[in-house]
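In what follows, a single structure is set out as structure tokens and then discussed.
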Amino acid sequence: MPLALPTTRTKPSADLSTKTTLIYGPPKIGKSSFASRFPNALFFECEPGLNELEVFKVPTYNWPDFLAACKLVAAGNHDFKTIVIDTADNAFKYCSEFVCGKHSVEYEGDLGHGKGWALVKNEWHRVLTRLASLPGGLVLISHAVDKTVETRTGEYTKTQPSLPDRARHVVLGLVDMILYCDTITRKDAEGNPVVERIIRTKPHPTYEAGDRTGRLPESLPLNFDAFSKAFATPSSKPSK
Amino acid sequence: MSDDDLPLVRLGQGDYRRDIYPHDLTRQPRPTTMKNVLTYSALNTFRNCPRKYKHRYLDHLRRPERPDALAFGSVVHGALELWYRQPVDMPTVTRLYRVFDYIDAQFSQREGDEKQKHQWHVARAMFAAYVDRYEQEEFEVVEVEKEFQAEIRNPETNRLSQTFTIAGKADGIVRVGGKLYLLEHKTASAITSDYLDRLWTDTQIALYSHYLRELGYPIVGVIYNVLLKTRLKQKAGETKQEFEARRAELAAKNKSGRSTAKQQLPETDEEFRARLHGWYSQHSAFHRERIYLSDDRMAMLQDEVWEITQQYLDAKRRSKWLLNTSNCFSFQRPCEYLPYCQSGFSPNLRDNLFEVAAPHEELVELTVGGNSAADDDFDF
């Protein structure tokens, strides 16, 4: 077929299996369960905790295994559409241990002039960028941590993924969506408190979240069907 | 004619090149212009990295965290401002205790925060020693934290810029032997020959001097008032295991196979204060460097300022903000915007790592009347 110039603009993809997503929140809130509903998900299991879920998983408890799993995925010949790294915190720890081992040091700081930190960050960046550029989707799971931010005028607490800053910055820059799994307490008709699990999707001074697709509402129930439905709804506002 | 229009005679001195009006003595600028205000910081940022300029001065992005160096430096700065604002005829002890009160208030969390406690100890010791050293000053204070706003001129035609004015805030203006000097406070961790050489290339202060001269202050030079920040730390003492290891090591070296070593206990606040006092009693803990400014240098700077404004206007017109990658790691640390630039300007990163804060925060009062250079669509 001869090459022709386009006559229409491409539409932003509404396919979840082409997106890169960071999901973080407190333990046992349901991050892995939520991620397991992504299209044809394959878990890179970096920490135990998937036993109660029926998922496809590859144990990746060290960085060489993690890289080997990446290679298998990149080779194709499978039906998986989404890679879930559970958790990115542990994956980064393995990355760090691997780089340190390669240079015969115990900690990144043992290599002079910040070289260790840079080597670990570069390795992390290289592998994540490669993974994100594969045809399928990528989901990274992280725990939440509260950090005190000391500003010029006072201090406040901000909830953010528990990844170290250098790893977190790479991830935040890479992902399309940052989903913060949180709980809110409402009162039911009888006035009894009811705890609801929700996903926050928009940035806020007291937590990290984001949605480059512009498809998601500010918060929605932590429920894959609700999320999927919201995501499939045409964007009302173009992402910035 | 209002009172504001009447010139004042200040300090009984005749060394100003023009009459001084009430608005020169207050922090309020002359309400003249709706031009855009440029500061040295903005100019320098644009010169070093236009992209960084865009992040900070057009998009108003700023990391919310207060940088550590800024935290300590700004407390020392505030303490010096307070010290020099108080009347010299007030008893020294009274003046000093007011400064101590200020320092205490800045480190209000020191009981539960080791870093604050350390900085509090250092700031108090530093200031007590400073007052001891400079109780009798070599200069007379004319202005403290003097804000100014001046016109930028085309050096070739001497015509005023239609777009910009320049603003700044000098730490102080002092008189020595009948001549005016700019007073610039610096905190440093060491005074090396490189450090002193660098003072000669301090464009900001030279620029301030130039514009203050235009405003009628015949500045002849700069007095750099350098206060050293000690590296002393309060000793934490050794744990039982560390002590046992040290004692075993010493015993092994001893023919008797024994050691009389005692466990090192944590240093008390009093002991640490005494050590700090000793350190700050050294002559080298403070330094005053006087630098004179040549007219040639002033002319060169004026030329540079004009050129930068023209380059800025060009970048703005074409919406091209080049990223200067040579500047990503200046001062041996990554630029605060590095993750954002590395991400290809991901909005997720922008929205989560930065807050939106007005530029030129050091000049809040001055920018009220005019516009920040960042805010507007310029009419070229």
For this session: For B:Glu238 and B:Arg246, run salt bridge (Lys or Arg N to Asp or Glu O under 4.0 Å): C-alpha distance rounded to whole Å, both residues' side-chain angles, the deciding distance at 0.1 Å, then the answer.
Result: CA-CA 10 Å; B:Glu238 57 187 353; B:Arg246 185 170 63 87; 2.7 Å; yes
Exercise. Using the ring of each side chain (for Trp, its six-membered ring), is A:Phe227 parallel, tilted or perpendicular to A:Phe34, with breaks at 30° and 60°?
Worked result: perpendicular
Exercise. Side-chain donor-acceptor pair under 3.5 Å between A:Gln160 and A:Asp146, yes or no?
Worked result: no
Exercise. Can a salt bridge be assigned to the pair A:Glu108 and A:Arg166 using a cut-off of 4.0 Å between side-chain N and carboxylate O?
Worked result: yes
For this session: Against chain B, label A:Val175 side chain, backbone, both or neither, depending on which of its atoms sit under 4.5 Å from a heavy atom there.
Result: both
For this session: Flag the one option from B:Gly344, B:Pro339, B:Ser346, B:Ser343 with the top tally of heavy-atom pairs under 4.5 Å to chain A.
Result: B:Ser346
Problem set entry | Contacting region of A:Tyr156 [heavy-atom separation from chain B under 4.5 Å] | side chain
Problem set entry | Contact origin within A:Asp176 toward chain B - heavy atom pairs under 4.5 Å | backbone
